[in-house]
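Convention: sequence-line order gives letters A, B, ...; per-chain numbering from 1. Only heavy atoms go into these numbers, but all of them, side chains included; no hydrogens, no water, no symmetry mates.
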Amino acid sequence: MIRVNDVQKHFGALHVLRGITFEVQKGEAIVIIGPSGSGKSTLLRCINLLVEPDSGQVFIDGVQVNRHGIRHEWVRQQVGMVFQSFNLFTHLTAIDNVTLGLTRVKGMTHDKAVEKARELLARVGLAAKENSYPAELSGGQQQRVAIARALAMDPKAMLFDEPTSALDPEYIREVLDVMTALAREGMTMIVVTHEMGFASNVASRILFMDAGKIVEEGSAEQIFHRPKEERTRSFVSKILR
Amino acid sequence: MADLRKFLRERWRYIDAMLAVAVIVGSLAYIYDLLVGSRGLDVAYITRNYGLYVHAVLTNVYATTIAFLVGMAIGFSVGWLRTARTMPLAKFVLSLRAERRARSEDREVIKADSGFLIFFSLLWYGAKYVVRRIGDGFVEIIRGTPLYVQILFASSFFIVFLREYATEGLLIGIITLAINTGGYQAEIFRAGLQTVHSGQIEAARAIGFSRLRAMRYVILPQALRLIIPPLTNEYIGLFKASTFLFVLGVQTEISYIALHEGYAGDVFEIFAMVTAIFLAITVTLSFVVQSLERRFRIPGLGIEAVRKPRGVKMPAPVA
Ligand SMILES: Nc1ncnc2c1ncn2[C@@H]1O[C@H](COP(=O)(O)OP(=O)(O)OP(=O)(O)O)[C@@H](O)[C@H]1O
Ligand SMILES: [Mg+2]
């Protein structure tokens, strides 16, 4: 479904991604962990081309997307993205946040878009909040609206960049529940998170990244309890504590 | 006691407005007493002439409004331009070199087309740099010189290069005012656009918006709401500045004052009329704008945004 082959990325002299290669099957959910600054966000951004890789290939559904002649806007509709800081459109209500992409990018009629948005908001448990502005929603609710907004574009896969790390503990559960349900329904997902419970229950594989490389890859059981690499061991011991 | 407080809270807007009116009326009465005193108000002069003054002010409103709208287009374009990030040329070249070195170290081969790449990035950088600097220069010149000088400059420009239009005072005036307010509005727009959080553009682009459409549907609607107050300010300022057009032979109320034979005797009457007309227009305007602001107000946008929503940690400082 998503294949990343030897992707390199520099920011000026800073070498952020040093040859990343991995693959995600259709319907699979994988979790990426790694210390701050290891390039996790940059990797996700390379997949939906918010950041252009310097070299290497990114394939989505067998199509190489980082080459000439492929519109970035099209690529970004194929993979949804959820941000750490939600980034809901401040000036729009929950439902308008979901419909904006439908009407303005997909060219759907307003009525159809509203119908679809209602369905999605119900799916993330926010049917009652459709007319609230982001500022009137709790963090957990905002993040669920953001998930609905991404799902509205009918993406083939979803990228989550630390979706719960800006949330107070009592709101983390509701967001993880939505994500778990999504994974159970067979959505292809790449999730950057340090939520061990979610990783153990949902992820089929865990990638550990450090300094722009994938250091180790394996099941949750292996990465968390029997890591092969010393770097993985020391990082995991810090987040398990 | 609690009732009184509740009453005050609910009615505060009206009480506030009434207080303001009281202060204004008081000051006016004082000035009236000072200037007119025992002489008595020349009501006949006012009733005879106020039509002329209203007509003159309408010319101002007309010129200001057109200039303001054109200025908005200029201001938005230049302001947007000025949000483009550029760095000093030397630093840019250094970073290109560093990037090349970093790449060659860990990949041995530099890609054959990297020469081209550098050429084009330099070209793109150069274009951006030049356009951006022109924008900067424009804003600095407009802000740094008196409007009066700008009007005289425009008028001489027309006399030298566009003779046939040199007598069209109003046209020259509107053009000058538009360029002038464009320079100020560029800064207002820049501030507005830059205040909108970068995450908003990112989110828009992540669902497939192009830069232009993200600007149209996500950034501008937020930025415009944020800049209503400074834009109103700018309009009022421009409205008052438009009285300068008398230099070009446009009949504004100032020129009436200057020309009228009543200049010696009826000073207070003339100023009273001009003040009343100007105040009526600006106060009406600010009421309209306030109700617009209330109408388009959005929770969490603007000053309120400082309040953090429930359940969100303050963002950790970026490493
Ligand atoms: N647009 C950019 N320009 C320059 N440097 C950048 C940019 N984006 C990221 N970086 C740098 O690249 C490195 C990797 O950043 P990235 O955000 O991918 O790390 P991360 O693994 O997501 O970290 P965190 O866990 O803190 O989110 C960091 O050193 C960061 O400063
Ligand atoms: Mg990150």
Side-chain angles (χ1 to χ4, degrees), chain A residues 8 10-15 18-19 36-37 45 48 50 54-55 71-93 97 100-102 104-106 132-142 146 149-150 152-153 155 159 165-168 170-171, chain B residues 87 91-92 94-103 105-107 111 114 117 196-211 213-214 216-226 296-302 304-316 318-319:
Chain A
Q8 306 261 353
H10 293 80
F11 286 118
L14 189 66
H15 199 175
R18 301 165 178 261
S36 185
R45 282 148 187 277
N48 71 352
L50 278 178
D54 291 338
S55 65
R71 282 176 52 241
H72 288 189
E73 286 79 32
W74 178 82
V75 176
R76 296 195 192 115
Q77 290 173 49
Q78 309 302 306
V79 279
M81 187 160 197
V82 174
F83 302 88
Q84 178 174 358
S85 47
F86 328 137
N87 295 346
L88 285 185
F89 304 134
T90 322
H91 63 301
L92 298 177
T93 56
N97 261 278
L100 189 71
L102 290 173
R104 298 302 178 187
V105 177
K106 292 219 156 186
S132 303
Y133 284 97
E136 299 165 339
L137 296 172
S138 75
Q141 291 169 336
Q142 287 190 49
R149 175 178 69 181
M153 307 307 286
L159 312 172
S165 59
L167 295 174
D168 276 343
E170 67 259 42
Y171 296 98
Chain B
M87 41 177 152
K91 208 175 145 199
F92 177 74
L94 272 183
S95 78
L96 265 184
R97 278 219 207 109
E99 186 166 337
R100 227 171 111 159
R101 215 176 309 121
R103 279 183 208 199
E105 261 167 29
D106 42 57
R107 304 212 83 206
K111 275 195 274 167
S114 95
L117 217 81
V196 177
H197 196 269
S198 64
Q200 300 280 312
I201 313 175
E202 201 147 63
R205 301 221 291 141
I207 55 174
F209 277 94
S210 63
R211 264 173 208 281
R213 312 195 102 217
R216 160 77 181 76
Y217 292 110
V218 177
I219 310 304
L220 257 188
Q222 299 186 34
L224 279 178
R225 284 184 173 86
L226 294 171
F296 290 112
R297 198 188 68 90
I298 277 167
L301 201 66
E304 266 186 311
V306 178
R307 251 180 22 203
K308 88 181 182 81
R310 279 169 298 136
V312 178
K313 288 191 288 198
M314 284 323 249
V318 184

Subject >> Taking every non-hydrogen atom, the tightest pair across Arg205(B) and Leu50(A) >> reply: CB-CD2, 4.0 Å
Subject >> For the student: nearest non-hydrogen atoms of Arg104(A) and Tyr217(B), plus distance >> reply: NE-CE2, 3.2 Å
Subject >> Region of Arg71(A) in contact with chain B, defined by heavy-atom distances below 4.5 Å >> reply: neither
**OP:** Search all heavy atoms of His91(A) against all heavy atoms of Ile298(B) and return the closest pair with its distance.
**Re:** O-CD1, 3.2 Å
Subject >> chain B contact via Ser85(A) - which portion, at a heavy-atom distance below 4.5 Å >> reply: neither
**OP:** Find the one option among Gln84(A), Arg149(A), Gln78(A) whose heavy-atom pairs under 4.5 Å with chain B are most numerous.
**Re:** Arg149(A)
Subject >> Ala203(B) to Asn87(A) - nearest heavy-atom pair and separation >> reply: CB-O, 3.4 Å
Subject >> Crowding at NE2, His197(B) (>12 non-hydrogen neighbours, <6.0 Å) >> reply: no
Original post:
What part of Arg225(B) lies closer than 4.5 angstrom to a heavy atom of chain A: side chain, backbone, both or neither?
Top reply: side chain
**OP:** Side chain from CB out, backbone as N, CA, C, O: work out which of these in Val82(A) comes under 4.5 Å of a heavy atom of chain B, or both, or neither.
**Re:** neither
Original post:
Given that the side chain runs from C-beta out, which part of Leu88(A) has a heavy atom under 4.5 Å from chain B: side chain, backbone, both or neither?
Top reply: backbone
**OP:** Check each atom of Phe83(A) against the heavy atoms of chain B and say whether the ones under 4.5 Å are side chain, backbone, both or neither.
**Re:** side chain
Original post:
So, for Ser210(B) and Glu73(A), which heavy atoms are closest and what is the spacing to 0.1 Å?
Top reply: CA-OE2, 3.7 Å
**OP:** Show your working on side-chain contact (heavy atoms from CB on, under 4.5 Å) between Ile207(B) and Leu100(A) and close with a plain yes or no.
**Re:** CA-CA 10 Å; Ile207(B) 55 174; Leu100(A) 189 71; 5.6 Å; no
Subject >> Smallest separation among heavy atoms of Ala206(B) and Met81(A), with atom names >> reply: CB-CB, 4.2 Å
